[in-house]
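Accompanying notes for the structure given below.
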Amino acid sequence: MIDILSLKRQEALKDHCGVFGIYAPGEEVSKITYFALHSLQHRGQESAGIAVSDGGKLRSIRNLGLVTSVFNENNLNKLKGYIAIGHNRYSTTGGNTKNNIQPVIISSRGKVFAASHNGNIVNALELSKKLGNQKRISTSDTEVLVHTINKAKGMKWSEKIMNAAPLFQGAYSIVACSKKRLYAFRDPWGIRPLVIGRLNGYYAVASETCALETIGARYIRDVNPGEVIEVGKKGFRVLGYIAKPNRKFCLFEYVYLARPDSIFNQQLVHEVRTRSGQILAKEAPVKADLVAAVPDSGTSAAIGFARALGIPFGEVLIKNRYIGRTFIQPEQHIREQGVKIKFNPMRKIIEGKRIVIVDDSIVRGTTMKKIVEVLRKCGIAEIHLRITSPPIRWPCYYGVDTPDKKQFIANGKTVSQIKKYIGADSLHYLSLSGLIEASRQDKNNLCHACFSGEYPVKVNTNFRKNVFESNC
Ligand code: AMP
């Protein structure tokens with residue numbers, strides 16, 4: 001979701017989130033949601049929330065922090081009911097306030113509606129203007145979306161969703177609930193993931209299949225691009241389609257965002273990453289003594305790279321597991337400190353050796369530059385970098401946390417200049433065709449805008465103007 005006020009301040013605010021929902025009378029839905037959100041923690045670490053309906057009352061707990069710090073046995077026990085939705089939020093500057101924590105809940109004439117959103121509504125500013133003087137408590141596009149649904153024609157929430165959804169432009173994977181029903185819907189491009197599972201005869205929806213596995217649910221299928229689903233007393237039903245599906249699934253989910261044990265479009269993320277490493281080994285082979293990953297995001301790809309060249313794979317950098325993702329720190333100097341305390345190299349293993357370091361992506365170059373620095377201090381003989389995605393040059397407007405254009409190291413620098421800046425002996429990126437081959441998806445069914453600049457959904461000109469004017 002995006003932050004409307006920040007947009008007005010002409011800043012680009014970006015995040016990607018994890019969503020979950022379940023309809024299961026007789027089950028402890030709050031605890032199930034807790035465990036699902038815990039397994040989706042990688043998609044958002046800023047805040048967490050759960051809303052539960054018992055058919056009459058909707059109660060919620062939402063707070064800043066990780067899932068394990070927001071919830072405990074005590075407060076989860078208070079969330080009694082049979083429908084639950086949950087959310088993990090991830091954002092950078094501006095929107096880190098309590099009011100922006102999801103699920104967003106509105107009450108209107110005795111009716112209640114709650115929604116958790118992963119994505120980014122690119123025309124939120126226009127939609128927010130159409131809401132006029134509607135009272136709002138947050139600055140997020142999700143609240144705009146919920147009010148737009150509430151104001152749409154129809155007596156039932158299902159009718160309102162069907163009538164409002166065609167107005168939303170951009171990426172949205174939404175799990176919502178009323179007092180008596182669970183809803184799930186996804187933008188017609190299917191940019192962000194959303195999957196359906198079955199648990200003891202009931203239904204659950206989640207951003208990733210790893211969440212379904214964690215709670216013991218069986219993955220059935222994805223929510224189709226553009227599909228609107230309702231689960232209620234009469235069971236599961238497809239309400240219809242927002243628009244004709246035109247699949248453009250985010251390629252970066254395979255590269256970095258998702259957990260390796262999740263499956264999207266029949267492809268296990270770990271295997272896509274392993275293949276990316278294998279293909280990169282063909283595109284840019286190297287003679288070396290050891291292949292290592294930047295843990296954990298580069299691990300699957302490093303295994304594939306090492307296997308393809310017959311070079312041993314080993315651990316070189318030990319990650320401190322109790323530090324958050326360095327990328328989410330807002331200020332550059334904090335980010336730099338973060339990298340230093342995040343990875344510790346094992347000097348004894350690498351001294352005098354030719355090492356290949358594999359990572360999934362380079363964004364600003366901060367992480368890699370610091371890693372190369374600490375490895376050089378260990379007396380490494382050669383350091384070769386292999387990146388299993390193409391250079392990132394374009395901002396994402398569909399719900400991924402990317403900085404503005406000029407902060408990408410690949411903008412304004414050739415690969416050889418980046419290599420020099422980072423201080424490596426060699427540097428190679430995987431080609432876009434290589435990455436698409438690894439994903440085993442049809443090129444036309446993918447969004448690769450961050451690599452190619454080919455945006456599948458028209459970005460609202462004001463939005464674009466705001467972002468580009470302020471940042472480029
Ligand atoms: P940087 O230091 O800015 O070059 O960041 C590169 C590192 O950030 C890589 O190791 C990636 O695994 C990771 N990364 C890439 N995209 C994102 C993202 N959207 N959010 C958080 N981390 C990311």
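Bear in mind the structure is a predicted one, so any value in this text is a computation, not a measurement. Side chains are part of it too, since the values below use all heavy atoms of this structure and drop only hydrogens, waters and symmetry mates. Quick note: residue numbers are just sequence positions, from 1. Counting starts at 1 for both ligands and their atoms, in listed order.
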Given G298, C450, S297, S361, which one has a non-hydrogen atom that is nearest to atom 15 (C) of ligand 1?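 Among G298, C450, S297, S361, the closest heavy atom to atom 15 (C) of ligand 1 belongs to S361.
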
Nearest heavy atom to atom 10 (O) of ligand 1, choosing from T367, L257, D359, belongs to D359

Taking the basic N atoms (NZ, or NE/NH1/NH2) and the acidic carboxylate oxygens, is any pair closer than 4.0 Å for E373 and K370?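 Yes.
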
For ligand 1, which part of V294 has a heavy atom less than 4.0 Å away: the side chain, the backbone, both, or neither? neither

Atoms of ligand 1 less than 4.0 Å from [X] heavy atoms?
X: T366; value: 1 (P), 2 (O), 4 (O)
X: V400; value: 19 (N)
X: G365; value: 1 (P), 3 (O), 4 (O)
X: F252; value: 15 (C), 16 (N)

Polar atom proximity, V363 to ligand 1 (N or O, under 3.5 Å):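 Between V363 and ligand 1, an N or O pair is found under 3.5 Å apart.
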
Assess the side chains of Q407 and R364: does a donor N or O sit below 3.5 Å from an acceptor N or O? yes

Exactly one of T388, L385, L280, I418 clears side chain to side chain contact (heavy atoms under 4.5 Å, CB included) with Y429, and that residue is I418

Can you tell me if CD on E315 sees more than 12 non-hydrogen neighbours from other groups inside 6.0 Å? no

Which distance, rounded to the nearest 0.5 Å, do you find between the CD1 of I215 and the OH of Y34? 14.5 Å

Across all chains, not counting sequence neighbours, the ring pair (Phe, Tyr, Trp, His ring centres under 6.0 Å) partners of F168 are Y172

